[in-house]
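Presented below is the structure to which this report refers.
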Amino acid sequence: MSRDRFKMLPSSCDTFVALPPSTEKDRIIFGKNSDRPCDEVQEVVYFPAQNHEAEEKVECTYIEIEQVPHTYAVVLSRPAWLWGAEMGANEHQVCIGNEAVWGRESADGEEALLGMDLVRLGLERADTAEKAVDVITELLEKYGQGGSCMEDECGFTYHNSFLISDRKEAWLLETSGKHWAAERVKDGYRNISNQYSITTKIDKEHPEMRGYAQSKGWWDGKTQFNFATVYSFMTTARIEEAGNRYCEGKKLLEKSNGHITAETMMDILRDKDSGINMEGMFMTTGSMVSVIPKDSSLPGVHYFTATPDPERSVFKPFVFVENLKLLKETSSPSYGPDDPVKKKPRFQSKPDRKHELFVKHELMTAIIECHKERGKKITQNMRQLEKERMPEMEKLLTQGAEIPDLLVNLFSKCVKEEIAVYSKS
């Protein structure tokens with residue numbers, strides 16, 4: 001099958017994590033591209049920590065579930081039409097990204113929690129990566145996963161894998177219905193695409209995972225249990241394409257092994273030859289890179305684009321400090337109870353969800369495509385903006401924040417600088 005055909009298949013993302021000794025300066029580097037329908041808007045939003053009343057409920061994308069007494073502050077990159085998120089981080093420097101996976105078990109079924117809902121719930125409720133694994137799997141057991149993962153396409157459903165990191169380690173969690181396996185990653189690097197990749201090293205698992213596979217005839221109960229082998233299809237176009245991206249991503253990480261930095265991860269997410277920076281009907285609509293020092297006295301820095309195609313986008317830093325405000329320039333219009341996603345039947349109309357930065361970036365993209373020389377200058381100016389912030393963030397990652405209040409509007413200030421570049425161009 002040709003690469004052009006792959007661009008037409010609803011596919012999905014790539015997520016990466018690098019830990020010492022593959023990184024510099026005793027840091028963990030997390031990165032993810034969110035690959036979604038090309039006309040979908042992705043927003044970057046912040047929600048503060050909050051205490052909740054007893055018996056309070058939380059309305060996720062499709063279903064309502066029980067709320068917990070306290071939720072942590074989170075920054076999320078998410079498709080603007082849903083409650084959950086493709087990727088994000090919380091105030092404890094836990095980072096989570098999810099991937100669509102397809103296996104032997106059907107992903108069709110009743111509306112339940114989306115994998116993207118589970119990303120947000122894990123971030124809101126867990127202060128370590130391992131706790132996030134526990135939160136997600138407990139919710140999966142109680143509520144299940146299911147529902148369309150596209151705003152205007154009922155048939156796009158999938159199971160989910162998750163890459164989760166904190167200040168000391170990472171966890172890979174892969175699911176099939178309510179069954180799951182999890183692997184701890186203590187050092188080196190790891191990447192995931194749209195295929196199962198946990199094999200025989202399983203550090204946590206659903207208690208009925210092996211028995212269920214045996215009852216289905218997927219495993220004989222005697223040979224060594226390999227989660228990816230047992231729960232995967234033998235081959236599909238999606239798995240073949242995801243395998244290519246997985247291998248290319250692994251090569252790019254290996255190329256910089258021992259010296260992986262935020263800039264390294266940004267370059268990987270921008271790589272188009274590998275297919276990681278996806279183009280076509282399904283494309284990279286948002287990107288994230290996080291830098292987390294192992295030293296708990298130092299803040300983490302979380303970079304988001306909030307715009308499609310990282311090659312034509314600016315990674316802008318966000319830092320958790322007190323008194324943070326909502327991120328208005330990257331927040332999409334809210335339609336509340338009038339939102340068609342919350343109505344039955346769904347998908348009758350698709351409202352305009354473009355936020356301010358998305359609108360400006362869309363116009364800039366049109367200029368770049370139509371005017372080569374002018375577009376080249378705009379791209380250079382954008383990249384210069386990104387580069388200028390790096391020394392300031394490096395000082396923050398090394399020495400901490402002398403005056404945290406100066407970081408309250410950091411992300412919004414960077415967004416406004418980016419918009420100013422577009423306006424001048």
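A distance-only check finds a donor-acceptor pair linking the side chain of Lys32 to the backbone of Asn98 [under 3.5 Å]. Counting only distance, with no hydrogens or angles, the side chain of Glu91 and the backbone of Tyr72 share no donor-acceptor pair below 3.5 Å. With hydrogens and angles ignored, the 3.5 Å screen pairs a side-chain donor or acceptor of Lys325 with a backbone N or O of Asn323. Not a single donor-acceptor pair under 3.5 Å links the side chain of Glu183 to the backbone N or O of Ile198. For the pair Arg353 (side chain) and Glu40 (backbone), a donor-acceptor distance under 3.5 Å is absent. With hydrogens and angles disregarded, a donor-acceptor distance shorter than 3.5 Å links the side chain of Asn90 to the backbone of Val94.
No side-chain N or O of Glu99 forms a donor-acceptor pair with one of Tyr158 less than 3.5 Å apart. For the residue pair Ser287 / Asn33, a side-chain donor-acceptor distance below 3.5 Å is found, with atom types taken as modelled. Between the side chains of His302 and Gln93, at least one donor N or O sits under 3.5 Å from an acceptor N or O. Between the side chains of His361 and Glu418, not a single donor N or O lies within less than 3.5 Å of an accepting N or O. Counting only N and O atoms by type, the side chains of Asn194 and Arg245 include a donor and acceptor under 3.5 Å apart. Residues Gln195 and Ser232 have side chains that never bring a donor and an acceptor to within less than 3.5 angstrom of each other. Between the side chains of Thr128 and Glu130, no donor-acceptor pair is found at a separation under 3.5 Å. Asp108 and Thr157 share a donor-acceptor pair across their side chains, judged by distance under 3.5 Å alone. For Glu86 and Ser34, the side-chain atoms include at least one donor-acceptor pair closer than 3.5 Å. Looking only at atom types and distance, the side chain of Glu24 has no donor-acceptor partner in the side chain of Thr261 under 3.5 Å away. A donor-acceptor pair shorter than 3.5 Å cannot be found between the side chains of Asn226 and Thr199.
To the nearest 0.5 angstrom, Thr23 atom OG1 is 6.0 Å from Ile29 atom CD1. Taken to the nearest 0.5 Å, the SG atom of Cys60 stands 8.5 Å off from the OH atom of Tyr143. Residue Asp267 holds its CG atom at 8.5 Å from CG of Asp271, rounded to the nearest 0.5 Å. Taken to the nearest 0.5 Å, the CD atom of Glu56 stands 10.0 Å off from the CD atom of Glu64. To the nearest 0.5 Å, atoms CZ (Arg312) and CD1 (Ile378) are separated by 10.5 Å.
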Run Asp203 and Trp171 through side chain to side chain contact (heavy atoms under 4.5 Å, CB included) and show every step you take. CA-CA 9 Å; Asp203 296 297; Trp171 281 82; 3.9 Å; yes
Take Thr175 and Gln145 through the test side chain to side chain contact (heavy atoms under 4.5 Å, CB included) and record every step on the way to the result. CA-CA 9 Å; Thr175 72; Gln145 58 181 320; 3.0 Å; yes
Evaluate the side chain to side chain contact (heavy atoms under 4.5 Å, CB included) criterion for residues Val133 and Ile164: first the C-alpha distance (whole Å), next the side-chain angles of each, then the deciding distance (0.1 Å), finally the verdict. CA-CA 8 Å; Val133 171; Ile164 310 168; 3.9 Å; yes
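Looking at Tyr422 and Met382, their side chains come closer than 4.5 Å, going by heavy atoms from C-beta outward. Residues Tyr46 and Phe320 meet the side-chain proximity criterion, which asks for heavy atoms closer than 4.5 Å. A heavy-atom distance below 4.5 Å is not found between the side chains of Leu76 and Trp83. The shortest side-chain heavy-atom distance between Cys38 and Pro308 does not fall under the 4.5 Å cut-off. Side-chain contact between Leu385 and Cys414 is absent, with no heavy-atom pair separated by less than 4.5 Å. Lys360 is not listed as a side-chain neighbour of Glu329, based on a closest heavy-atom distance of 4.5 Å or more. Here the side chains of Thr15 and Met87 are not in contact, with every heavy-atom distance at 4.5 Å or above. In this structure, the side chains of Thr71 and Val58 stay at 4.5 Å or more apart for every pair of heavy atoms.
The pair Glu392-Lys413 does not meet the salt-bridge criterion, since no charged nitrogen lies less than 4.0 angstrom from a carboxylate oxygen. At a threshold of 4.0 Å, the pair Arg383-Glu311 counts as salt-bridged, since one of the basic side-chain nitrogens sits closer than that to a carboxylate oxygen. Ion pair Arg27/Glu394 flagged as a salt bridge, since at least one NZ, NE, NH1 or NH2 atom sits closer than 4.0 Å to an Asp/Glu carboxylate oxygen. The pair Glu362-Lys354 counts as a salt bridge, with a side-chain nitrogen and a carboxylate oxygen less than 4.0 angstrom apart. Remark: Glu248 engages Lys251 in a salt bridge, criterion side-chain N to carboxylate O under 4.0 Å.
Crowding of Glu402 atom CD: a count of heavy atoms from other residues, nucleotides or ligands under 6.0 Å not exceeding 12. Heavy atoms from other residues, nucleotides or ligands lying under 6.0 Å from NZ of Lys201 number more than 12. Taking a 6.0 Å sphere around NZ of Lys250, one finds it holds 12 or fewer heavy atoms contributed by other residues, nucleotides or ligands. Counting heavy atoms of neighbouring residues, nucleotides and ligands inside a 6.0 Å radius, atom NE2 of His259 does not exceed 12 of them. Within a 6.0 Å sphere centred on CD of Glu322, heavy atoms belonging to other residues, nucleotides or ligands number 12 at most.
Shortest non-hydrogen contact noted between Ser165 and Val17 is CB-CG2, 3.9 Å. Considering all non-hydrogen atoms of both residues, Gly122 and Ile136 come closest at CA-CG1, 4.3 Å. Taking every heavy atom of both residues into account, Leu397 and Pro299 meet most closely at CD2-O, 3.5 Å. A pairwise comparison of heavy atoms in Gly115 and Phe162 identifies O-CE2, 3.5 Å as the closest pair. Across all non-hydrogen atoms, the minimal contact from Leu327 to Ser331 is O-OG, 2.6 Å.
Geometrically, Arg120 engages Phe47 in a cation-pi contact, judged by NZ or CZ lying under 6.0 Å from the ring centre and within 45° of the ring axis.
Using cut-offs of 30° and 60° for the angle between ring planes, the Phe156 and Trp102 rings count as tilted. Ring pair Tyr231/His179 is tilted by interplanar angle, where 30° to 60° counts as tilted.
When Ile268, Leu269, Thr284 are each tested for a side-chain contact (heavy atoms from CB on, under 4.5 Å) with Asn277, only one passes: Thr284.
The salt bridge (charged side-chain N to carboxylate O under 4.0 Å, His left out) search around Glu110 returns none, not counting sequence neighbours.
For residues 162-172, the pairs satisfying salt bridge (Lys or Arg N to Asp or Glu O under 4.0 Å) are Glu169-Arg184, with sequence neighbours left out.
Aromatic rings from Phe304 and Phe318 are positioned such that their centres are separated by 6.0 Å or more.
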